[in-house]
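I have placed the structure first, in the form of structure tokens, so that the comments after it can refer back to it.
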Protein chains: 2
Amino acid sequence: MRIGELAEHAGLTVKTIRFYEQAGVLPEPERRPSGYRDYDDSAVARLRFVKAAQAAGLSLAEIREVIAVRDRNGPPCRHVTDLLNAHAADLDRRIAELTALRDEVRRLRDRADGLDPAGCEDAAVCHVIPTDQASCVQRSADAVAGSPRVERPIGVRR
Amino acid sequence: MRIGELAEHAGLTVKTIRFYEQAGVLPEPERRPSGYRDYDDSAVARLRFVKAAQAAGLSLAEIREVIAVRDRNGPPCRHVTDLLNAHAADLDRRIAELTALRDEVRRLRDRADGLDPAGCEDAAVCHVIPTDQASCVQRSADAVAGSPRVERPIGVRR
DNA sequence: GTAAAGCTTCCCCTGCGGTGGAAGGTCAAG
DNA sequence: CTTGACCTTCCACCGCAGGGGAAGCTTTAC
């Protein structure tokens with residue numbers, strides 16, 4: 001089948017499929033004499049895997065790595081479960097961060113109800129956002145203590 | 001004071017300060033005859049506000065907007081509390097999404113313990129990641145139902 | 001006088017997952 | 001024979017918050 005048909009089967013755009021090939025998560029297909037790409041059913045299965053892995057929070061780079069492990073060493077299940085473990089831990093960290101941030105944002109908003117709008121000073125722009133260290137959530141300390149990997153928002157695509 | 005000194009006071013790099021000026025969250029300072037930027041103390045206060053607002057999850061574009069509101073309409077507190085409300089709601093959504101994803105990831109990992117690595121089929125790459133619709137967390141439905149704004153990971157910078 | 005540090009503007013690069021468009025080739029129907 | 005749909009490659013761009021480095025001034029310290 002040609003790329004447009006594959007795109008329709010997979011629920012992706014033609015652009016995305018070429019992008020996946022270039023990203024190394026979809027093997028280069030045969031070509032017709034015209035130069036058109038020519039796919040078989042395994043491409044559909046592969047794209048399903050890619051979508052499922054993305055839904056599980058894996059990046060294209062990780063998916064490519066999983067595929068490479070499979071090609072070299074056989075079933076990559078161990079590798080995949082390691083990835084899943086790491087992602088679950090990352091998600092726990094990220095959820096904790098966002099929860100702390102949300103609580104701080106709510107606290108600021110609630111505090112704002114008791115403030116006089118006229119009390120804003122020029123330099124500070126708006127006293128709803130307090131600029132003293134003590135009242136701010138400790139983001140810098142978190143960032144330093146946090147692992148160097150993963151600033152990426154895991155999962156959550158459109 | 002010159003830009004390097006301001007950077008040290010604010011705990012930022014010289015690059016970042018020039019970037020903030022260009023981004024519209026720090027006003028253009030006076031220049032010395034040499035062309036060097038010359039800041040006064042209000043720049044320090046402004047940068048403190050920018051950092052605090054960032055820590056509260058506001059983007060530079062939003063911070064610029066808050067500053068613009070203040071310049072046009074006086075105290076922007078109402079605008080700021082509206083932003084905080086919107087961010088709190090965004091964070092709630094995001095936390096819910098990440099929590100659902102984390103649960104799904106854990107479920108996949110736990111399910112993997114009962115699988116035989118030899119059972120992986122070629123096209124599917126690895127059966128730890130099931131490619132059938134039913135077992136996948138419903139990300140596409142979320143994305144469609146979700147608000148069009150904010151894919152950005154709010155807060156959480158390094 | 002000269003070296004080092006600091007400053008200026010300028011443009012490009014990062015990650016991530018794509019999207020948009022231009023210029024051109026191919027194929028089927030009418 | 002032409003129109004339109006489909007395909008090809010290539011290059012550039014999106015958001016976000018900066019970082020890297022070049023080429024060329026200015027200021028400071030010795």
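Convention: sequence-line order gives letters A, B, ...; per-chain numbering from 1.
When the P atom of D/dG18 is taken as reference, atom CG of B/Leu47 falls 11 Å away, rounded to whole Å. Atom CD1 of A/Ile3 is separated from atom C1' of D/dT9 by 12 Å (rounded to the nearest Å). The distance from atom CG of B/Leu12 to atom C1' of D/dG19 is 14 Å, rounded to the nearest whole Å. Between B/Glu5 atom CD and D/dT26 atom P the separation is 21 Å, expressed in whole Å. Here the P atom of nucleotide D/dC16 and the CD atom of B/Glu65 are 14 Å apart, to the nearest Å. The CD atom of B/Glu21 sits 9 Å away from the P atom of C/dT8 (whole-angstrom rounding). Rounded to a whole Å, the OH atom of A/Tyr20 is 8 Å from the P atom of C/dG17. Note: CG (A/Leu60) to C1' (C/dC16) measures 8 Å, nearest angstrom.
One donor-acceptor pair, N or O on each side, does fall under 3.5 Å between the base of C/dG21 and the side chain of A/Lys15.
DNA chain C lies under 4.0 Å from at least one heavy atom of each of the following residues of residues 24-36 of chain B: B/Arg31, B/Gly35, B/Tyr36.
Residues A/Arg46 and A/Val50 have side chains in contact (heavy-atom distance under 4.5 Å, counting atoms from C-beta outward). Counting heavy atoms from C-beta on, the side chains of A/Arg106 and B/Leu84 never come closer than 4.5 Å.
Just one residue in the list B/Glu28, B/Glu30, B/Glu21 forms a salt bridge (Lys or Arg N to Asp or Glu O under 4.0 Å) with B/Arg37, and that residue is B/Glu21. Paired with A/Asp103 under the rule side chain to side chain contact (heavy atoms under 4.5 Å, CB included), one option of A/Leu101, A/Thr99, A/Val105 passes, and it is A/Thr99.
A sub-4.0 Å separation between OP1 or OP2 of C/dG17 and a side-chain N or O of A/Thr16 is absent. Side-chain nitrogen and oxygen atoms of A/Arg37 include at least one within less than 4.0 Å of the OP1 or OP2 phosphate oxygen of D/dT8. Taking 4.0 angstrom as the limit, A/Arg18 places none of its side-chain polar atoms (N or O) nearer than this to OP1 or OP2 of D/dT9.
The side chain of A/Phe19 approaches C/dG17 more closely than any other nucleotide in the set D/dG19, C/dC7, C/dG17. Comparing D/dA17, C/dC7, C/dG18 by their nearest atom to the side chain of B/Gln54 picks out D/dA17.
Other residues, nucleotides and ligands contribute more than 12 heavy atoms inside 6.0 Å of the CG atom of A/Asp71.
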What does the list of N/O pairs under 3.5 Å between the protein and nucleotides 2-4 of chain C look like, with a distance for each?
none

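A salt bridge links A/Arg93 and A/Asp90; the closest N-O separation between the charged side-chain nitrogens and carboxylate oxygens is under 4.0 Å. Salt bridge annotation for B/Arg2-B/Glu5: absent, with no cationic side-chain nitrogen under 4.0 angstrom from a carboxylate oxygen. Look at A/Glu97 and A/Arg94 and you find no salt bridge, because none of the NZ, NE, NH1 or NH2 atoms lies under 4.0 Å from a carboxylate O.
In terms of the side chain to side chain donor-acceptor pair (under 3.5 Å) criterion, residue partners of A/Asp82 (sequence neighbours excluded) are, by chain and number, A/Arg78.
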